[in-house]
**Q** 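Before anything else, here's the structure in question.
Indexing begins at 1, ligand by ligand and atom by atom, following the structure's order. Atom set for the values below is all heavy atoms of this structure, side chains included, hydrogens, waters and symmetry mates excluded.
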Amino acid sequence: MSSESEKSHKPQRKRRRHSTPIPDWDDSERHYRVILGESLTSRFKVMRLLGEGTFGKVVECWDRKRKRYVAVKIIRAVDRYREAAFTEMDILNDIADGDPSGRSGCVTLLTWFDFRGHLCMVFERWGPCLYDVIKNNRYQPFPIYIIRSFARQLCHSIAYLHSINLIHTDLKPENILLEDDQFRVLPPDQNSTHPLHLPVRPNIVLIDFGGATFNDKHHTSIVSTRHYRAPEVILDLGWTFPCDVWSIGCILVEFYTGTALFQTHRNAEHLAIMEKVLGPLPHEMIQKSKYYQDGELKWMDSANPSSLKYVESCSPMPDMIHDEDFLDLILKMLTYDTKKRITAREALRHPFLNCN
Ligand SMILES: Nc1ncnc2c1ncn2[C@@H]1O[C@H](COP(=O)(O)OP(=O)(O)OP(=O)(O)O)[C@@H](O)[C@H]1O
């Protein structure tokens, strides 16, 4: 990575003091108001909005210098987000440094610059995120050969991150992009009224290292987006590398069924669904938990009827997955005990990932 001025390799952590009143080019939350066709410095012309997140907006730009399209993440002009973006850039540098051949499947930072008080990170422009692909397919599942390809690439990227002591902590379909946006369209069949758009090349790239944490650095107590959050995180037992593998397991099941495995927003309900789908949690994990009493989940009393009905409707994993090897891998990824959960490196040797 190099800065726009190409002067130094490492970004400078210069804090921006934003003065009041808010400048016209920002909204009240200090997001940059993107105008299509305008330029961010003389180099980058804004073409379209690609995505929006907590940290800022991601826009597609034409890079006049290198004559190619790029994705520019315009960070909100808020000190806390600016600081976090510098940390993310440090991590992206470490990822790139350990991967000179560029085969890790993780996004690379091309350059960065400051514009109107906003830190702007420049990435190669990739295709749509897998959540958008599933949504546009009206939540129809992916065929198993595509799931196998995604699973291999995810395990490869995560095994690499773990080998450099890094935990992603926020794996989800929104943070996995297709390399390009070429699709072939399968017409509706007896199972669906909607055509299925499948990537011609199912190559993927991992993005969003804003929550990535080195194993020996401070760990915040809660990580991951709710649906992909591991039981050790929910139960506040401490987390490390295995929490990424749990998230991969949840993502792969979502690719197989078309809908999120743990559709909930509450801890007790989340644990209840886990127990319905994967069986009871081990005693050692629940003995100190406020959600359990005498080994029983304290949930029924406080749950409303629709929640009870929903949990009741969830099926055990073996009833959900009909491919034997895939089921075996998923059960190993969704093993409660972190010491027994398969690692990303071990998963790469699993039979499901080693047949054509
Ligand atoms: N390199 C890229 N190429 C194409 N689209 C991208 C790229 N990077 C990000 N996007 C799009 O922008 C969205 C938001 O990006 P990103 O997750 O990095 O932002 P964020 O602010 O950290 O989001 P979150 O709030 O989820 O943490 C992505 O889901 C994706 O749709």
Side-chain angles (χ1 to χ4, degrees), residues 1 26-27 29-32 34 36 40 44-63 66 68-93 95-96 102 104-113 118-137 150 153-154 157 161 167-183 199 201 203-213 220 222-229 244 247 250-251 254 260:
M1 186 214 54
D26 283 359
D27 69 16
E29 296 193 306
R30 304 304 305 256
H31 272 289
Y32 186 66
V34 170
L36 303 190
L40 308 173
F44 299 100
K45 180 178 177 184
V46 179
M47 307 307 291
R48 66 185 169 120
L49 185 69
L50 290 171
E52 217 170 320
T54 334
F55 285 84
K57 292 181 180 173
V58 182
V59 289
E60 179 187 74
C61 289
W62 174 249
D63 177 353
R66 300 251 190 266
R68 63 179 171 186
Y69 288 99
V70 291
V72 178
K73 188 163 166 176
I74 311 171
I75 303 298
R76 282 164 71 184
V78 174
D79 282 345
R80 163 163 64 99
Y81 293 117
R82 193 180 161 82
E83 282 292 313
F86 275 119
T87 305
E88 185 176 355
M89 291 207 287
D90 283 344
I91 285 173
L92 287 163
N93 277 339
I95 293 170
S104 70
C106 301
V107 76
T108 33
L109 184 65
L110 301 173
T111 185
W112 66 278
F113 57 95
H118 293 265
L119 181 66
C120 297
M121 299 157 74
V122 184
F123 300 95
E124 215 164 308
R125 196 271 328 256
W126 300 112
C129 72
L130 292 185
Y131 177 72
D132 285 344
V133 176
I134 297 176
K135 196 167 123 199
N136 290 339
N137 277 332
F150 288 160
Q153 296 172 74
L154 281 174
S157 298
L161 289 183
I167 309 156
H168 185 286
T169 79
D170 197 16
L171 295 171
K172 55 181 173 178
E174 289 87 335
N175 285 340
I176 307 168
L177 305 186
L178 283 173
E179 264 187 20
D180 63 46
D181 45 17
Q182 290 197 38
F183 291 89
R201 283 171 297 277
N203 297 348
I204 51 173
V205 184
L206 268 190
I207 60 160
D208 196 356
F209 291 82
T213 306
T220 53
I222 297 292
V223 281
S224 311
T225 300
R226 162 62 74 184
H227 301 339
Y228 310 93
R229 190 173 291 156
D244 279 343
S247 303
C250 298
I251 294 168
E254 185 165 338

**Q** Quick one: look up the protein heavy atom nearest atom 16 (P) of ligand 1 and list residue, atom name and how far away it is.
**A** K73 NZ, 3.8 Å
**Q** State yes or no: are the ring centers of W62 and F44 separated by less than 6.0 Å?
**A** no
**Q** Say whether, by atom type as modelled, one donor and one acceptor occur between the side chain of E179 and the main chain of N203 under 3.5 angstrom.
**A** no
**Q** Which of the atoms of ligand 1 are close to K172, meaning less than 4.0 Å from one of its heavy atoms?
**A** 26 (O)
**Q** Can you list the atoms of ligand 1 that are under 4.0 Å from a heavy atom of E124?
**A** 1 (N), 2 (C), 3 (N)
**Q** Taking only heavy atoms of T54 into account, list the atoms of ligand 1 that are under 4.0 Å away from them.
**A** 21 (O), 24 (P), 25 (O)
**Q** Are any non-hydrogen side-chain atoms of L178 and L130 less than 4.5 angstrom apart?
**A** yes
**Q** Which of the numbered atoms in ligand 1 are under 4.0 angstrom from any heavy atom belonging to F55?
**A** 21 (O), 22 (O)
**Q** Please round to the nearest 0.5 Å and tell me the distance separating atom OH of Y32 and atom CG of L40.
**A** 6.0 Å
**Q** Considering non-hydrogen atoms of the protein only, which is the closest contact for atom 28 (C) of ligand 1, and what is the distance?
**A** I207 CD1, 3.7 Å
**Q** Which distance, rounded to the nearest 0.5 Å, do you find between the SG of C129 and the CD1 of I207?
**A** 7.0 Å
**Q** Taking only heavy atoms of L177, which atoms of ligand 1 are found under 4.0 Å from at least one of them?
**A** 2 (C), 3 (N), 4 (C), 5 (N), 6 (C), 7 (C), 30 (C)
**Q** If you have a sec, work out which protein heavy atom is nearest atom 13 (C) of ligand 1 and how many Å separate them, to one decimal?
**A** G51 CA, 3.9 Å
**Q** How far is atom 10 (N) of ligand 1 from the closest protein heavy atom, and which atom is that?
**A** V58 CG1, 3.7 Å
**Q** Just jot down the ligand 1 atoms closer than 4.0 angstrom to any heavy atom of N175, in number order.
**A** 17 (O)
**Q** What's the spacing between R48 CZ and E60 CD if we round to 0.5 Å?
**A** 4.0 Å
**Q** Of all the atoms in ligand 1, which lie at a distance below 4.0 Å from a heavy atom belonging to L50?
**A** 4 (C), 5 (N), 31 (O)
**Q** Atom 29 (O) of ligand 1: which protein heavy atom is closest, and how many Å away?
**A** E174 O, 3.1 Å
**Q** Considering only heavy atoms of F123, which atoms of ligand 1 have at least one such atom less than 4.0 Å away?
**A** 1 (N)
**Q** Can you check whether F150 reaches I251 side chain to side chain, under 4.5 Å on heavy atoms?
**A** no
**Q** Using modelled atom types only, decide if a donor and an acceptor are shared between the side chain of R76 and the backbone of R30 within a distance under 3.5 Å.
**A** no
**Q** Is there a donor-acceptor pair closer than 3.5 Å between any side-chain N or O of N175 and the backbone N or O of D170?
**A** yes
**Q** Can you find a heavy atom in the side chain of T54 that is under 4.5 Å from one in the side chain of Y81?
**A** yes
**Q** Considering both backbone and side-chain atoms of D208, is one of its nitrogen or oxygen atoms within less than 3.5 Å of a nitrogen or oxygen in ligand 1?
**A** yes
**Q** Do me a favour and list the nearest non-hydrogen protein atom to atom 3 (N) of ligand 1 with residue, atom name and distance?
**A** W126 N, 3.0 Å
